[in-house]
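Scope of the values below: all heavy atoms of this structure, side chains included, with no hydrogens, waters or symmetry mates.
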There are 2 protein chains.
Amino acid sequence: MDDEGDLFKAIGDATRRAILDELADQDGQTLFEICGRLTMKHGLASSRQAISQHLGVLEQAGLVHTRREGRYKFHHLDTSPLRAITERWPVDQPDPS
Amino acid sequence: MDDEGDLFKAIGDATRRAILDELADQDGQTLFEICGRLTMKHGLASSRQAISQHLGVLEQAGLVHTRREGRYKFHHLDTSPLRAITERWPVDQPDPS
DNA sequence: TTGACAGGCAAGTTGACACTTGCGTATAAG
DNA sequence: CTTATACGCAAGTGTCAACTTGCCTGTCAA
């Protein structure tokens, strides 16, 4: 799949959108931290492996960048690929009152 | 599926994104017009029924509105639901040079 | 070194969805 | 009325991806 398709596929899943929300709330979390907070706040009972696969999809779409440090791997949010969406189909800015 | 999921599901398919492109290029087309132009310009060999189902998904997501006139049904693009994406994950405006 | 911790890899299963197929309905042209 | 046009509906099919399951690798502490 091309890069463009990767982006839309990435945000097409509800669990991955929750992960993006979580990283937007607190950036630079590890896999286990994300698992814990998703279970707490969103009530999602997702396994570690499932979240890991989701993070892989998000990383391939360029929405998440990773940084290794010892046995920890920190995940960082990057929203810039989302610009392609509103640039492709321009959205009128409403109510400039 | 909730409204939010409908939006992301709608733009998650490549054929539906091509339909949005087509309506952005020329608004208010009928089903048959869209079929013809998709075949010409994008080389997509999609059946009428397939495009019809795609338009139904786009309409449910609020990205397309329809208007009936006799035996014709015109499809109009509405990009405003896309605002929810960049509002949910704010995108830094780059390069303000 | 032993064990716990953080994460990775890969095969198998299941459900969702894109697409087809066939028929039905309504409008308009001849 | 007959025919063509424009579109709708619904059941069946096949494929893909989300998830599970099981095992493996690398890092750090005791």
Side-chain angles (χ1 to χ4, degrees), chain A residues 1-23 26 28-39 42-61 63-76, chain B residues 1-23 26 28-39 42-61 63-76:
Chain A
M1 185 181 285
D2 52 355
D3 290 356
E4 166 198 301
D6 287 344
L7 170 65
F8 290 101
K9 174 190 165 190
I11 61 174
D13 183 85
T15 302
R16 284 194 287 268
R17 292 196 295 274
I19 293 175
L20 293 180
D21 289 339
E22 201 46 55
L23 288 178
Q26 176 160 353
Q29 297 188 64
T30 68
L31 172 59
F32 274 51
E33 285 173 331
I34 295 172
C35 286
R37 296 180 60 142
L38 282 183
T39 305
H42 299 260
L44 298 179
S46 299
S47 70
R48 176 186 62 87
Q49 291 85 344
I51 302 298
S52 177
Q53 289 171 356
H54 282 309
L55 286 170
V57 175
L58 290 171
E59 188 172 8
Q60 190 172 350
L63 290 166
V64 164
H65 298 166
T66 58
R67 167 177 55 99
R68 265 257 173 211
E69 209 163 297
R71 59 176 165 175
Y72 298 105
K73 187 179 183 181
F74 301 102
H75 300 80
H76 295 270
Chain B
M1 184 181 285
D2 52 357
D3 290 355
E4 165 197 301
D6 287 343
L7 171 65
F8 290 101
K9 173 189 166 189
I11 60 174
D13 182 84
T15 302
R16 283 194 288 267
R17 293 195 295 273
I19 293 176
L20 293 180
D21 290 338
E22 200 48 54
L23 288 178
Q26 175 160 354
Q29 297 187 65
T30 68
L31 172 59
F32 274 51
E33 286 173 332
I34 295 172
C35 285
R37 296 180 61 140
L38 281 183
T39 306
H42 299 261
L44 298 179
S46 298
S47 70
R48 175 186 65 87
Q49 291 85 344
I51 302 297
S52 177
Q53 290 171 354
H54 282 308
L55 286 170
V57 175
L58 289 171
E59 189 172 7
Q60 192 172 351
L63 290 166
V64 165
H65 298 167
T66 60
R67 166 176 57 98
R68 258 236 122 100
E69 209 160 298
R71 61 175 164 176
Y72 299 104
K73 187 178 183 182
F74 300 101
H75 300 81
H76 295 270

Below the 4.0 Å mark, does [N] have OP1 or OP2 next to a side-chain nitrogen or oxygen of [X]?
| X | N | result |
| --- | --- | --- |
| B:Ser52 | D:dG8 | yes |
| A:His54 | D:dA17 | no |
| A:Lys73 | D:dT27 | no |

B:Glu33 or B:Gln53: which one's nearest nucleotide on DNA chain D is closer to the 5' end?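 Going by which nucleotide is closer to the 5' end, it is B:Glu33.
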If you find the nucleotide of DNA chain D closest to A:Glu69 and the one closest to B:Phe32, which residue's nucleotide is nearer the 5' end?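 By nearest-heavy-atom nucleotide position, the 5'-most residue is B:Phe32.
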Counting only side-chain heavy atoms from C-beta out, which of [options] sits nearest to [X]?
| X | options | value |
| --- | --- | --- |
| A:Ser47 | D:dT20, D:dG8, C:dG8 | D:dT20 |
| A:Leu31 | C:dG7, C:dT20, C:dA18 | C:dG7 |
| A:Thr15 | D:dG8, D:dA6, D:dC19 | D:dC19 |
| A:Gln49 | C:dC17, C:dG8, D:dC9 | C:dG8 |
| A:Arg71 | D:dA18, D:dC28, C:dC19 | D:dC28 |
| A:Arg16 | D:dA18, C:dT20, C:dA6 | D:dA18 |

Atom-pair distance ([atom1] on [X]; [atom2] on [N]), nearest Å:
| X | N | atom1 | atom2 | value |
| --- | --- | --- | --- | --- |
| A:Tyr72 | C:dA4 | OH | C1' | 11 Å |
| B:Lys9 | D:dA18 | NZ | P | 14 Å |
| B:Phe8 | D:dA17 | CZ | P | 19 Å |
| A:Ile19 | D:dA18 | CD1 | P | 11 Å |
| B:Glu59 | D:dC7 | CD | P | 13 Å |
| B:Asp13 | C:dA16 | CG | P | 18 Å |
| B:Leu55 | D:dC9 | CG | P | 13 Å |
| A:His75 | C:dG8 | NE2 | C1' | 11 Å |

Flag the pair [X] / [Y] as yes when at least one side-chain heavy-atom distance between them is below 4.5 Å, and no otherwise.
| X | Y | answer |
| --- | --- | --- |
| B:Leu58 | B:Leu23 | no |
| B:Glu33 | B:Gln26 | no |
| A:Ile51 | A:Thr15 | yes |

Check the pair B:Leu63, B:Ile11 against side-chain contact (heavy atoms from CB on, under 4.5 Å), reporting the backbone distance first and the verdict last. CA-CA 9 Å; B:Leu63 290 166; B:Ile11 60 174; 3.8 Å; yes
Work out which heavy atom in B:His75 is nearest to a heavy atom in B:Val64; give both atom names and the distance.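 Closest approach of B:His75 to B:Val64: CB-CG1, 4.0 Å.
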Taking any heavy-atom pair under 4.0 Å as a contact, classify B:Thr30: base, sugar-phosphate, or nothing. sugar-phosphate
Side chain A:Arg16, main chain A:Lys9, donor-acceptor under 3.5 Å: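 Yes: the side chain of A:Arg16 pairs with the backbone of A:Lys9.
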Ignoring hydrogens and angles, does a donor from either the side chain of A:Arg68 or the base of D:dG26 sit under 3.5 Å from an acceptor on the other?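 Answer no: no donor N or O sits under 3.5 Å from an acceptor.
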